[in-house]
Amino acid sequence: MPELPEVETTVRETAPHINGRRITGVALPWEGIVREPALAEFRSGLIGETVTGITRRGKYIFWHLSGGKVLNLHLKMSGSLLVKPSSAEAGKFTRAIFYFDNDTAIHFRDPRKFGVIRLLDGPEKVTGRLGPEPLEGGFTRKFLERSLARRKAPIKAVILDQNFIAGIGSMYADEALFAAGINPQRRPGSLTPEEVKRLHRAIRQVLRSGIEHMGASTSTYFRPGGEAGFAHHHFKVAHRRGKPCPVCDTPLEYIKLRGRGTCFCPRCQPLK
DNA sequence: CCCGGAACCTGAAGGC
DNA sequence: TGCCTTCAGGTTCCGG
């Protein structure tokens, strides 16, 4: 499931192929992927534009265009961007294809059709309310401490809230909470300053590690070259229900928390 | 503002 | 073999 490390990997590994290149065509095997504007305007606004930069904010990808607009892509739960030669045909799950002037195409593959593409005047429309980037300066221990204070939902639900911190999803939330020794059901207000400090460090550490290992390919996510990432090989709890805790060998517990599969170690992450 | 649940989707995997 | 259920979960919308 694409979260910050998977999206960052996608940006890094697509950019060298398309940055500075001109978009020569668009194909939409599933038109429903385009959220806005209407299709005719979408196509005409895109074709002929040069990509002048590629950025990420949270889980959102932006292709900055020479005319001033931005193409916004969101992989949601099952999307990948794949770099292909122009001649490559659409696969069964290819929902959109962007063709460039260097014999390169980007295929948006998305089995479950949750993915979204928008052509916008600027990123603000989708990033306006997002919380800070966890790997940048705005995400300080103080910020975490202060903003957790008034939250009542379970800690995992809070760090999944994109308006609280941008980029964390269910897998890296489980990993961060394990690394910090905090039960996912704990109330934010009950965390000690020491625990908040550990959580702050853990969030940054698991995301950095995820990027270093080029993202996690737990089911449908692939890197732009079609290869799997390696991050899931380093997961300690995420997607490991029933398996022994890597620290204490206790079988990992599985619960549904706010509809999200959640794995944790009942011994290393006790519910006080 | 905050919370929790439903809805959106479809393939894979497991049980019987 | 085949049918049924469960699981995967990012975001938005809605009611409380």
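To find a chain, count down the sequence lines: A is the first, B the second, and so on, and within it residues start at 1. As a basis for the values below, the full set of heavy atoms in this structure was taken, side chains included, without hydrogen atoms, waters or symmetry mates.
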For A:Phe264, what are the other residues in its hydrophobic cluster, where any two members join if their side-chain heavy atoms are less than 4.5 angstrom apart?
-> A:Ile255, A:Leu257

Members sharing A:Val247's hydrophobic cluster, built from side-chain contacts under 4.5 Å between Ile, Leu, Val, Met, Phe, Trp and Tyr, are A:Phe178, A:Val237, A:Leu252

In whole Å, measure the gap between the [atom1] atoms of [N] and [M] for me.
N: B:dA6; M: C:dT6; atom1: P; value: 14 Å
N: B:dA12; M: C:dT11; atom1: P; value: 24 Å
N: B:dA13; M: C:dG10; atom1: C1'; value: 22 Å
N: B:dG11; M: C:dT12; atom1: C1'; value: 23 Å

Thinking salt bridges, do [X] and [Y] make one under a 4.0 Å N-O criterion?
X: A:Lys59; Y: A:Glu3; answer: no
X: A:Arg204; Y: A:Glu136; answer: no
X: A:Glu8; Y: A:Arg12; answer: yes
X: A:Glu49; Y: A:Lys69; answer: no
X: A:Arg56; Y: A:Glu133; answer: yes
X: A:Asp161; Y: A:Arg151; answer: yes

Distance in angstrom units between [X] [atom1] and [N] [atom2], rounded:
X: A:Leu73; N: C:dG10; atom1: CG; atom2: C1'; answer: 15 Å
X: A:Lys76; N: C:dA8; atom1: NZ; atom2: C1'; answer: 15 Å
X: A:Glu36; N: C:dT12; atom1: CD; atom2: C1'; answer: 14 Å
X: A:Leu75; N: C:dG10; atom1: CG; atom2: P; answer: 12 Å
X: A:Leu257; N: C:dA8; atom1: CG; atom2: P; answer: 13 Å
X: A:Lys156; N: C:dG10; atom1: NZ; atom2: C1'; answer: 12 Å
X: A:Arg109; N: B:dG11; atom1: CZ; atom2: P; answer: 11 Å
X: A:Lys256; N: C:dT5; atom1: NZ; atom2: C1'; answer: 12 Å

Would you kindly confirm whether A:Leu82 and A:Phe93 end up in one hydrophobic cluster when ILVMFWY residues are joined by side chain heavy atoms under 4.5 Å apart?
-> no

Where the side chain of [X] is concerned, which of [options] is the nearest nucleotide?
X: A:Gln162; options: C:dT11, C:dA8, C:dG10; value: C:dT11
X: A:His239; options: C:dT12, B:dG11, C:dA8; value: C:dA8
X: A:Arg241; options: C:dG10, C:dC7, C:dT11; value: C:dC7

Sequence neighbours excluded, the answer for side chain to side chain donor-acceptor pair (under 3.5 Å) partners of A:Ser170 is A:Lys156

Does CD belonging to A:Glu194 count more than 12 external heavy atoms closer than 6.0 Å?
-> yes

For A:Gln269 and A:Leu177, what are the C-alpha separation, side-chain angles and deciding distance, and is it a side-chain contact (heavy atoms from CB on, under 4.5 Å)?
-> CA-CA 8 Å; A:Gln269 301 164 269; A:Leu177 290 167; 3.9 Å; yes

I'd like a list of close polar pairs between nucleotides 2-9 of chain B and the protein, N/O only, cut-off under 3.5 Å.
{"unit_1": "B:dC2", "atom_1": "OP1", "unit_2": "A:Arg150", "atom_2": "NH1", "d": "2.9"}
{"unit_1": "B:dC3", "atom_1": "OP1", "unit_2": "A:Lys152", "atom_2": "N", "d": "2.3"}
{"unit_1": "B:dC3", "atom_1": "OP1", "unit_2": "A:Ala153", "atom_2": "N", "d": "2.7"}
{"unit_1": "B:dC3", "atom_1": "OP2", "unit_2": "A:Arg151", "atom_2": "NH1", "d": "2.5"}
{"unit_1": "B:dG4", "atom_1": "OP2", "unit_2": "A:Arg258", "atom_2": "NH1", "d": "3.1"}
{"unit_1": "B:dG4", "atom_1": "N7", "unit_2": "A:Arg258", "atom_2": "NH2", "d": "3.4"}
{"unit_1": "B:dC9", "atom_1": "O2", "unit_2": "A:Arg112", "atom_2": "NE", "d": "3.0"}
{"unit_1": "B:dC9", "atom_1": "O2", "unit_2": "A:Arg112", "atom_2": "NH2", "d": "3.0"}
{"unit_1": "B:dC9", "atom_1": "N3", "unit_2": "A:Arg112", "atom_2": "NH2", "d": "3.3"}

Using a heavy-atom cut-off of under 4.0 Å over every strand shown, decide if A:Tyr60 touches base, sugar-phosphate, or nothing.
-> sugar-phosphate

OP1 or OP2 of C:dA8 under 4.0 Å from side-chain N/O of A:Tyr254 | yes

N/O (side chain, A:His74) to phosphate O (OP1/OP2, C:dG10) under 4.0 Å = no

Annotated structure of DNA chain C as dot-bracket, pair cut-off 3.5 Å, Watson-Crick or G-U only, | for inter-strand, is .|||||||.|||||||

Between residues 221-234 of chain A and DNA chain C, which residues have a heavy-atom gap below 4.0 Å?
-> none

Atom CD1 of A:Ile61 and atom NE2 of A:His74: how far apart are they, to the nearest 0.5 Å?
-> 8.5 Å

